[in-house]
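Here the structure is a predicted model, which means the values were calculated and not measured. Proteins come first, then strands; the chains are lettered A, B, ... in the order of their sequence lines, and each starts at number 1.
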Amino acid sequence: MSDLVTFRGVRLGYGRRTILSGLDFSIPEGDFLGLVGPNGAGKTTVLRGILGSLRPLEGTIAVDPGLRFGYVPQRDQVDYSFPLKVLDVVMMGRYDRIGLGRRPGADDRRRAVAALEHVGIADLADRQLGDLSGGQKQRTLIARALVGEPNLLILDEPTNGMDLVSTTQILGLVRELHETDGMTVIMVSHALNEVANYVERIALVVGGGFRIGTVDEIMSESVLSAMYGIPVDVDSFNGHRIVVARRTAGESGARA
Amino acid sequence: MLDAILIFQDALYGALVIGLACSVLGVYVVMRRIVFVGAALAQLSSAGIALALWLSGMGWAAALSSHPIGFSLVVTLAGALFFGMGGARGRIPADATIGVTYAVAAAAGILLIAKASAGEAHDIFLQGNILGITRVDMLVLLAVAVPVMLVHLVFYKEFLFVSFDRETARTLGYRVDFWNLLLYLTLGLVIAVAMQFAGVMLVFNFLVLPAVTGMLVTRSMRGIFAVAIASALLAALIGFSLSVPFDLPTGPSIIVVSGAFALLAWIGRSMVRH
């Protein structure tokens, strides 16, 4: 499998300010990577480097010539006050293929309907995007990413602000896209517990540090304790891995 | 009544052209929540006119008093460029920058016109002088409005995408900054030219009220554009037709009709909801 994106000795930042340095990793075709870390740690900076909207201060970011992104933005980056139907929003994913100044045609419409069927909301095609629930909006944005026929799907905080049911459904859908369609996926999230049980590899960004590896490599108490700077426990419950900060004696006493 | 209106038919056509162009751009102005950018650009335009009149009064460029449009264009497009490129991003919030521009441009316009011996009364800036539109003026308006409308018709998809979801547009290879800048520059161009005849109040009205009426009446982008254009043209026609025989100021008459349309739309929407 070829690498779709390769970071070599990359330092990322804005102006003179370095956010992350010494980044050396690849995203091979077929990968399912969770880009995880607390808010403000640099996830978006790495994401912008992958997307090509941020040039490295040092090093190189090489992308496969045939690379095509399918991008699912954070839900609050989209302006839902625009009165747009779900189908029209999904067709936006083909705008770059349609070309400047040209309108979507019958083929674009057919592909958009197929993408909606793929994510299970074909019946919502004529509804206003702003009227949908959080989960339905997210499915619409995933359909829009898919309709452009990407080979790398990137989801930025796809479950942010969702309830347990919607979160589980969206993460299940993303995993299905990876397993059934062989889609390469990068999922950006601040919720390690959520992502760790779905992805195959994790890139952890914490406090200026960066570490990437398989879920087993990253989800170890020694790695996570070192990255977060506090002792953590990694437990398993019904096959789900759960990370919790270890309570000190003082805290236990206080809570008890 | 018809005879009286026909005497000013070029002025009426001019008002319709201004209404058309401003109402189309106004949909983006309202949807993107940049209403006060429109107001600030209109004030910048009036400051540009005042600067031209002041310079003319000082004897530096006498021809400017009859054609202040050049100065107005330069100042307004500079403002459009500034806002289109993000407007002093940093510590100062964007809306504060707009407010500073608005206040300073408005004050500068009044001060300059107060000292311009070749100038007209400063309320011209507020009310404009729609009835003064000549055949040549109307052709100037058309020469600006038609290309701008064509750009917006042809690149509707692009303007919509970067307005709705700029991050995704960027990942699909769209030059988001370019499209934003083009939107602001076309806005500045239309405002600068319309301001010569319509004044701040009427230009601002055409930028906001028709789009609001459209949003209240329909729930599709095409519908909003259609209703905005129709309500702007109708308001211009009705306001103009009432103002001439009844000797009312034309700009405010058109604005009152626009306001009535928005009010009717709001009442109709409220009734449908209940």
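Annotation for A/Arg109: atom CZ does not count as buried by contact number, only 12 or fewer foreign heavy atoms lying within 6.0 Å. Within 6.0 Å of OH on B/Tyr102 lie no more than 12 heavy atoms contributed by other residues, nucleotides or ligands. More than 12 heavy atoms of other residues, nucleotides or ligands lie within 6.0 Å of CZ in A/Arg11, so this atom counts as buried by the packing criterion. Annotation for B/Arg269: atom CZ counts as buried by contact number, over 12 foreign heavy atoms lying within 6.0 Å. Enclosure of atom CZ in B/Phe36 is not indicated, since only 12 or fewer non-hydrogen atoms of other residues, nucleotides or ligands lie within 6.0 angstrom.
For A/Leu100, the parts sitting under 4.5 Å from any heavy atom of chain B are the backbone and the side chain alike. If you measure heavy-atom distances from A/Leu47 to chain B, you find no contacts under 4.5 Å at all. Heavy atoms of A/Val72 lying under 4.5 Å from chain B are absent altogether. If you measure heavy-atom distances from B/Arg170 to chain A, the contacts under 4.5 Å come from the side chain alone. Proximity to chain A (any heavy atom under 4.5 Å) is shown, for B/Thr218, by neither the backbone nor the side chain. A/Ser53 touches chain B through its side chain: at least one heavy atom from C-beta onward sits under 4.5 Å away, while N, CA, C and O do not.
Under the 3.5 Å distance criterion, the side-chain polar atoms of B/Glu167 are left unmatched by any main-chain donor or acceptor of A/Gln77. Although no hydrogens or angles enter the test, the distance criterion places a donor-acceptor pair under 3.5 Å between the side chain of B/Lys157 and the main chain of A/Gly99.
In this structure, B/Phe164 and A/Phe82 have perpendicular ring planes: the angle between them is above 60°, well past the 30° mark.
The shortest distance between side-chain heavy atoms of B/Ser220 and A/Lys85 does not fall below 4.5 Å. Between A/Pro83 and B/Met31, some side-chain heavy-atom pair lies under the 4.5 Å cut-off. You'll find the side chain of A/Arg103 reaches within 4.5 Å of the side chain of B/Tyr156, heavy atoms only.
The CZ atom of A/Arg94 lies 11.0 Å from the CG atom of B/Leu172; values are rounded to the nearest 0.5 Å. Taking CG from A/Asp156 and OG1 from B/Thr171, the interatomic distance works out to 11.0 Å, rounded to the nearest 0.5 Å.
Shown are B/Arg166, B/Arg33, B/Arg32; of these, the side-chain contact (heavy atoms from CB on, under 4.5 Å) with A/Asp79 is made only by B/Arg33.
The pair B/Asp165-A/Arg144 meets the salt-bridge criterion, with a side-chain N (NZ, NE, NH1 or NH2) lying under 4.0 Å from an Asp/Glu carboxylate O. Salt bridge present: B/Arg219 and A/Asp131 bring a charged side-chain N and a carboxylate O closer than 4.0 Å.
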**OP:** Quick one: do A/Met92 and B/Thr168 satisfy side chain to side chain contact (heavy atoms under 4.5 Å, CB included)? Show the steps, please.
**Re:** CA-CA 9 Å; A/Met92 286 178 174; B/Thr168 304; over 6 Å; no
